[in-house]
Enquirer: 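Structure incoming, see below.
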Amino acid sequence: MKVVTWNINGIRTFRGGIKKALDSLDADIICVQETKVTRDLLDERTAIVDGYNSYFSYSRGRSGYSGVATYCKDSATPSAAEEGLTGLLTNHEGAVGCYGHQAAEFCSEELQLLDNEGRAVVTQHRAKCQDKEQTVTVINVYCPRADPEKPERKQFKLQFYKLLRCRAEAILKDGSHVIVLGDINTSHRQIDHCDPSDIDDFDENPGRKWLNGFLYSGGQEEETNDEESDGESEVTSTDPIRSGKFVDTFRYFHPTRTNAFTCWSTLTGARQTNYGTRIDYIFANCQLAKEQFVAADIMPEVEGSDHCPVWGQLSCSLLPSSKPPPLCTRYLPEFAGKQQKLSRFLIKVDQKSSQSEPKDALPGSQEEGGKEGEFKSIQS
DNA sequence: TCGGTCGTTAC
DNA sequence: AATCATGCGC
DNA sequence: GTAACGAGCTAGCGCATGATT
């Protein structure tokens with residue numbers, strides 16, 4: 001199976017629908033960030049793509065801002081899907097669960113704010129990894145940018161990181177493999193930045209420290225010793241710097257490749273001179289990375305955004321769920337007439353009636369509107 | 001995780 | 001109902 | 001003369017909103 005992440009900088013720029021772009025990426029799971037769309041502005045050709053099932057999270061604060069979506073091939077239909085990292089947005093069935101000890105680390109208002117900008121979608125899949133059936137959870141994130149003008153966003157970004165790690169490790173501890181992918185908005189090391197001496201990098205240092213803690217650096221032999229300088233006090237004992245459980249899959253396969261960037265400033269036309277940064281990643285827990293990942297790379301030749309796609313190839317194959325979880329976009333009542341899967345109407349009657357009502361699927365903060373009745377009548 | 005250049009100012 | 005001007009966030 | 005210090009700030013997209021035709 002193959003996964004892709006891509007910050008698309010506005011999903012509505014794909015005028016004729018996004019299907020062609022999705023197909024050309026040729027992946028089972030495609031995670032996009034910065035959709036800049038809200039439910040009321042989502043059109044059918046974007047939301048309902050033949051051959052895929054999709055899962056959106058929208059910014060609740062402002063429109064035209066942030067937002068992520070995960071598109072799964074029908075052969076990769078998840079068994080669970082949910083919006084956000086905190087669980088506060090998921091009062092419906094079909095959620096992934098496993099929230100760790102976030103309650104001890106964050107106050108509830110803070111948690112709500114961290115999930116208020118449509119920055120995360122979590123899908124859970126069954127996979128067959130050499131005979132054994134296992135669970136793989138995909139966390140699609142658009143991590144906040146730390147605007148230097150706004151000091152509070154710096155803290156927000158770090159808190160989001162902390163929450164992301166908390167959730168990812170909780171799911172991992174529960175026994176699932178975990179893939180964390182998306183626009184992480186921090187370049188990890190000097191090699192990942194066109195100008196490592198830039199002042200900005202010092203400002204982003206907390207983000208790098210987080211990455212160093214989140215990632216496992218075994219297998220990346222270079223420079224493991226000079227990292228000790230920012231953790232000299234605890235280096236002798238627990239060595240928390242390298243306690244991470246995840247692997248940067250691109251760097252795992254290309255440990256020394258330089259000028260490998262995924263994001264370029266449009267202000268200066270920096271893409272033509274490849275003056276960029278690598279801030280879009282596919283992270284996988286160590287075991288998954290080592291045992292299942294067979295390749296990973298960036299796609300700098302793909303245009304259409306100020307970011308390029310990143311892909312990872314796994315040797316395991318996905319086992320599709322027979323029915324998409326409630327968060328699936330195709331359950332939205334405004335698209336009820338555009339059901340794509342004929343098989344949805346062909347499943348056994350007893351199974352269908354024992355499932356939860358479609359109205360439980362209505363995601364997010366939007367009102368349920370007057371179309372719901374129409375939808376229910378179509379369903380039953 | 002650093003070195004590094006250049007022009008102006010202060011001594 | 002289009003178009004423009006301005007602002008915001010990257 | 002030389003050490004110390006500070007260097008300089010525009011670019012372009014996608015989107016929203018409100019005012020103008």
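Labels below follow one simple rule: chain letters A, B, ... track the order of the sequence lines, proteins then strands, and each chain is numbered from 1.
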Enquirer: The criterion is salt bridge (charged side-chain N to carboxylate O under 4.0 Å, His left out); which residues satisfy it with Asp28(A), sequence neighbours excluded?
Expert: none
Enquirer: Partners of Arg62(A) by salt bridge (charged side-chain N to carboxylate O under 4.0 Å, His left out), sequence neighbours excluded?
Expert: none
Enquirer: What is the distance, rounded to the nearest whole Å, between atom OH of Tyr58(A) and atom P of dA16(D)?
Expert: 14 Å
Enquirer: Between Glu117(A) (CD) and dC15(D) (P), how many Å, whole number?
Expert: 18 Å
Enquirer: Just to be sure I understand the rule, does Ile279(A) reach a base, reach only the sugar-phosphate, or reach nothing, if contact means heavy atoms closer than 4.0 Å?
Expert: nothing
Enquirer: Is the shortest distance from a Lys or Arg side-chain nitrogen in Arg208(A) or Asp192(A) to a carboxylate oxygen in the other one below 4.0 Å?
Expert: no
Enquirer: Please give, in whole Å, the distance from dC13(D) P to Asp306(A) CG?
Expert: 10 Å
Enquirer: Quick one: list whatever passes side-chain contact (heavy atoms from CB on, under 4.5 Å) with Glu133(A), sequence neighbours left out.
Expert: Arg126(A), Leu319(A)
Enquirer: Could you tell me from which nucleotide to which nucleotide of DNA chain C, 5' to 3', there is an atom under 4.0 Å from chain A heavy atoms?
Expert: dC8(C) to dC10(C)
Enquirer: Listed in order of residue number, which residues of residues 62-70 of chain A have a non-hydrogen atom at under 4.0 Å from DNA chain C?
Expert: Arg62(A), Tyr65(A)
Enquirer: Tell me who clusters with Phe261(A), hydrophobic residues only, linked when side chains sit under 4.5 Å apart either directly or through other members.
Expert: Trp264(A)
Enquirer: Using whole Å, what does the distance between atom P of nucleotide dG14(D) and atom CD of Glu303(A) come to?
Expert: 13 Å
Enquirer: Taking side chain as C-beta onward, heavy atoms only, is Asp174(A) less than 4.5 Å from Thr135(A)?
Expert: no
Enquirer: Starting at CZ of Arg15(A) and ending at C1' of dC13(D), how long is that distance when rounded to a whole Å?
Expert: 13 Å
Enquirer: Which nucleotide in the list dA16(D), dC15(D), dT1(B) gets nearest to the side chain of Gln190(A)?
Expert: dT1(B)
Enquirer: Rounded to the Å, how far apart are Ile191(A) CD1 and dC2(B) C1'?
Expert: 16 Å
Enquirer: Atom CZ of Arg145(A) to atom P of dC13(D): distance rounded to whole Å?
Expert: 17 Å
Enquirer: What integer number of Å spans the P atoms of dT9(B) and dG8(D)?
Expert: 12 Å
Enquirer: Test of understanding: with side-chain contact (heavy atoms from CB on, under 4.5 Å), list the residues that count as partners of Ser315(A), not counting sequence neighbours.
Expert: Gln292(A), Val294(A)
Enquirer: Measure from the side chain of Thr268(A), starting at C-beta and using heavy atoms only, and say which of dA16(D), dA11(D), dG14(D) lies closest.
Expert: dA11(D)
Enquirer: Can you tell me the distance, in whole Å, between the CG atom of Asn205(A) and the P atom of dT1(B)?
Expert: 7 Å
Enquirer: Could you work out, with side-chain contact (heavy atoms from CB on, under 4.5 Å) as the rule, every residue matching Ala95(A), not counting sequence neighbours?
Expert: Glu82(A), Thr90(A), Tyr99(A)
Enquirer: What residues, two or more places apart in sequence or in another chain, satisfy ring-ring contact (aromatic ring centres under 6.0 Å, His included) together with Phe246(A)?
Expert: Phe214(A)
